[in-house]
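So that the names make sense, note that chain A is the first sequence line, chain B the second, and so on, each numbered from 1.
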Amino acid sequence: MASPLTAGFCELVFNSNEAPEGVVPVLQVLSVKKINAPGASGTDRYRLILSDGKYFIQGMIATQLNHHVENKEVDKHVLIKLVNYVTNAVQGRKLVIILNLEIVPWNGEKIGSPQNLEQQQGTSGGASPAVAAAPAPKQEPGAGAGAGGAANRGQFGGKGGGAAAKGGRAGGKQDVGPLYPIEGLSPYQNKWTIKARVTQKSDIKHYSNQRGEGKLFSCTFMDETGEIRATGFNETVDNFYNLLEEGKVFFVSRARINIAKKQFSNVNNEYEIMFENQTEIEPCDDESVPQVKYNFKGIGDLGELQKDELCDVIGVVKEVHELGSVTSKATNKPFAKRDIQLVDQSGQAVRLTLWGKQAETFSADDQPVIAFKGVKVGDFGGRSLSMFSSATMSVDPDIPEAHSLRGWFDAEGRNKQFTAYTNSSVNSGGAGAAQGARPAEIKTIGQAKDEQLGMSDKTDYFTTAATIAFVKQETFSYPACANPDGCNKKVVDEGSGWRCEKCDRSWDAPIHRYILSMNVMDHTGQFWITAFNDTAEQLMEISANDLMKLKEEGNDNAFGSYFQKATGKTYSFQMMAKQDSFNDQPRVRYQCRRVAAPDYAAESAHLTQLISQISV
DNA sequence: CCCCCCCC
């Protein structure tokens, strides 16, 4: 019986730099494996073992085809036709990257006894004997590029050479290599061209370090197969910064591919491009390259997202605040900052913070619609948004969501009252809580310690449901300045009066304010927390000044009863964890900023989520 | 070859 598989394909890929054009191989999947290196966006990657009946070879499936694996269409012993693919050499191993495929009907039986072509190289740990027939593979890096390219010319873009036609380079100077999908780029090949849209471009940043001074910029390219970040230094900034416009399509070739530094970007690619002096970039007017796709989260639904998640948001700029400046605690550098307020049909308003040059140059007094991609969700004031380096914003974009918002705002939104995200759900507890508002992430005391919240340079915020086990009676307050303007600074007893350094005056008597030290616990542990005046007063149900009066009058029963009443009560504590030092040892101070009746609904939702994580 | 994504 004739095999339905494309005989000889594996050997061709393995040994040749020139895979024939127009070959659309049919191969059998021997295994599918999820790779334990998901992209920054959390997208899974799948590796396939592909057989032509005689040999097998490794394959990768482009992420946009993952659904075929996830719904089991592509599975062990399934036959697939590689409608679009490239080949690739990675560390001497050949890899087929599948960009498009069709399922070929088959009865599910394994065909032949395929052998591992890589055996003789000793790169793989399989047990089958070496394949004597296969000639030694080419070892030099980039050997796969030619093969991939050849396959490419006919196939990438797919539409009968349409891509190739449009891909005709204006200059035709150097040998810039074949058109490649972004998905197929790797450091082991140097002859390639991508045709991709710039979806994001940074400012030019200047830096100076031990190696000297320099400048750089970065941008993100996107095509139908994926996205990749690119960075240029010094001369390449002069060469390309102005040329590369956000939203436009370019050919890029003769650049270096490096391993991506993931900690600095959320672009979903293992690699990134580095522009070099010989890099060639040319504009291209092919509009078929995809545009930025948005996945908008309604402003009223931001409470569904976790802190630090990235999301896309579109809204009308209701307010633009003054330009401000903050000093980073980590670097001591000042940063320009500007808050704007966004609203949408949900009736909810959210604050979004712009940074640096974007903050300085932002001007929009005509309440435009702005679409944001990849902004970071914060939990300050319930929910807030912050621009991220790789975030983009598009003013009055020509998309349906923007037109609909514009129409709504001009017709009715303009005169509407909006609900701001707030932390006001605290104190009200339960049903009366402000809609959409959600306090900081829920953590048990054990989690707060395990995750070392407050141990880094930054302050961490969290909410914890816990019970007051003990309230310290000895020192519960400090004598504060009596100035009615609310100075609240500590004052010193000078005998003749209580002196405030800040106000430069003395008072007959101080006003006592709380610094209440409490031990609180939940099922995972206990910690000492401090509550200041307003919060402590709420817990103690008496002002610090009145409590001090009871103490001074020697009314021990009444005095003690307030502490007793406070003990044993359960609250939702809004906590702030911050590092400071005590006897030169770093330690975390837990400050309670607010308390509320325990939010049982939120707590059980949180527990349900934890349970579902366990039971996967 | 950079790189902090900040602050209340």
Side-chain angles (χ1 to χ4, degrees), chain A residues 40 200-220 229-241 255-267 272-277 279 307-311 321-341 350-360 362 372-393 420-424 426 439-440 456-462 532 574-579 591 593-594:
Chain A
Q200 187 267 143
K201 185 175 79 167
S202 77
D203 293 334
I204 297 172
K205 290 182 216 169
H206 295 265
Y207 64 90
S208 83
N209 57 22
Q210 304 94 307
R211 294 157 170 266
E213 305 221 322
K215 58 183 173 181
L216 75 137
F217 79 107
S218 63
C219 64
T220 308
R229 188 173 188 252
T231 307
F233 286 89
N234 302 321
E235 299 101 290
T236 64
V237 177
D238 303 329
N239 293 343
F240 302 128
Y241 186 78
R256 188 145 44 115
I257 307 277
N258 289 333
I259 304 289
K261 296 179 183 173
K262 294 256 179 178
Q263 65 271 37
F264 304 130
S265 123
N266 66 328
V267 172
E272 61 187 28
I273 292 175
M274 179 88 84
F275 296 138
E276 295 180 303
N277 284 335
T279 294
K307 174 175 150 55
D308 295 336
E309 253 185 89
L310 298 182
C311 67
H321 294 252
E322 301 271 288
L323 182 66
S325 172
V326 295
T327 306
S328 161
K329 279 182 183 163
T331 62
N332 260 335
K333 280 189 203 160
F335 281 88
K337 172 204 143 152
R338 188 195 297 273
D339 288 338
I340 63 174
Q341 194 191 43
V350 70
R351 189 187 79 174
L352 185 144
T353 305
L354 304 165
W355 300 98
K357 203 170 181 181
Q358 240 165 4
E360 287 167 9
F362 186 90
F372 293 88
K373 180 152 194 68
V375 288
K376 199 166 84 165
V377 177
D379 59 3
F380 186 75
R383 274 291 174 272
S384 58
L385 298 169
S386 179
M387 275 308 259
F388 196 71
S389 65
S390 52
T392 62
M393 61 181 213
Y421 276 99
T422 62
N423 278 329
S424 65
V426 289
S456 61
D457 293 335
K458 70 179 176 57
T459 310
D460 286 307
Y461 298 88
F462 62 97
F532 289 99
Q574 288 222 355
M575 300 300 305
M576 182 167 105
K578 208 174 193 170
Q579 194 183 65
Q591 193 199 125
R593 306 164 77 225
R594 279 181 160 152

Undergrad: Which listed nucleotide (B:dC8, B:dC6, B:dC2) is nearest to the side chain of A:Lys376?
TA: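 So the nucleotide nearest the side chain must be B:dC6.
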Undergrad: Measure from CD1 on A:Ile273 to P on B:dC1 and round the result to the nearest Å.
TA: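 Going from CD1 in A:Ile273 over to P in B:dC1 covers 16 Å.
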Undergrad: Is the ring of A:Phe335 stacked on the base of B:dC4, with centres less than 5.5 Å apart and planes under 30° off?
TA: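 Not stacked by the 5.5 Å and 30° rule.
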Undergrad: Separation of A:Asn258 atom CG from B:dC1 atom P, in whole Å?
TA: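 Atom-to-atom, A:Asn258 to B:dC1, this comes out as 7 Å.
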Undergrad: B:dC2, OP1 or OP2 - any side-chain N/O from A:Asn209 closer than 4.0 Å?
TA: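 Yes, because at least one side-chain N or O of A:Asn209 sits under 4.0 Å from OP1 or OP2 of B:dC2.
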Undergrad: Of the candidate nucleotides B:dC6, B:dC2, B:dC7, which contains the atom at the shortest distance from the side chain of A:Glu272?
TA: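 It is B:dC2.
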Undergrad: Rounded off to whole Å, could you give me the CG-to-C1' distance for the A:Leu385 and B:dC6 pair?
TA: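 Atom CG in A:Leu385 sits about 16 Å away from atom C1' in B:dC6.
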Undergrad: Is there a side-chain contact between A:Asp308 and A:Lys376, using heavy atoms and a 4.5 Å cut-off?
TA: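 SC-SC contact between A:Asp308 and A:Lys376 confirmed.
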Undergrad: Does the side chain of A:Met393 come within less than 4.5 Å of A:Gln358's, by heavy atoms?
TA: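 A:Gln358 vs A:Met393: side chains touch.
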Undergrad: Within the structure shown, what part of the strands sits under 4.0 Å from A:Arg256 by heavy-atom distance: base, sugar-phosphate, or nothing?
TA: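 Contact class for A:Arg256: none.
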Undergrad: What is the distance, to the nearest angstrom, from the NZ atom on A:Lys357 to the P atom on B:dC6?
TA: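 In whole Å, B:dC6 P and A:Lys357 NZ are 22 Å from each other.
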Undergrad: Looking only at side-chain atoms of A:Trp355, point me to the closest of B:dC2, B:dC8, B:dC7.
TA: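 Within the option list, the nearest is B:dC7.
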Undergrad: Of all the choices, B:dC2, B:dC4, B:dC8, which nucleotide is nearest to the side chain of A:Leu216 once you look at every atom?
TA: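 The answer is B:dC2, which lies nearest to the side chain.
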Undergrad: Test for a donor-acceptor pair under 3.5 Å between the base of B:dC7 and the side chain of A:Lys337, counting only N and O atoms.
TA: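 When only heavy-atom distances are counted, A:Lys337 does reach the base of B:dC7 through a donor-acceptor pair under 3.5 Å.
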Undergrad: Is any side-chain N of the basic residue among A:Asp203 and A:Lys205 closer than 4.0 Å to the acidic one's carboxylate O?
TA: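 Salt bridge: no.
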Undergrad: Let me know the distance between CG of A:Leu354 and P of B:dC6, rounded to the nearest Å.
TA: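 Interatomic distance, CG of A:Leu354 to P of B:dC6: 14 Å.
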Undergrad: Can you measure A:Leu352 atom CG to B:dC8 atom P for me and round it to whole angstrom units?
TA: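 About 18 Å, once rounded to whole Å.
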Undergrad: Choosing from B:dC8, B:dC3, B:dC7, which nucleotide comes nearest the side chain of A:Tyr207?
TA: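 Of B:dC8, B:dC3, B:dC7, B:dC3 is nearest to the side chain of A:Tyr207.
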Undergrad: Hey, mind stepping through A:Ser202 and A:Leu216 against side-chain contact (heavy atoms from CB on, under 4.5 Å) and telling me if it holds?
TA: CA-CA 9 Å; A:Ser202 77; A:Leu216 75 137; over 6 Å; no
Undergrad: Given side chains that start at C-beta, do those of A:Cys311 and A:Leu385 come closer than 4.5 Å, heavy atoms only?
TA: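 The answer is yes, as the side chains (C-beta and beyond) meet within the 4.5 Å cut-off.
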Undergrad: Rounded to whole angstrom units, what separation is found between the CZ atom of A:Phe275 and the C1' atom of B:dC1?
TA: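 Between C1' of B:dC1 and CZ of A:Phe275: 15 Å.
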Undergrad: What is the distance, to the nearest angstrom, from the CD atom on A:Glu322 to the C1' atom on B:dC7?
TA: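 That distance rounds to 16 Å.
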Undergrad: For a quick check, tell me whether the side chain of A:Arg211 and the base of B:dC2 share a donor-acceptor pair closer than 3.5 Å.
TA: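 No, the side chain and the base share no sub-3.5 Å donor-acceptor pair.
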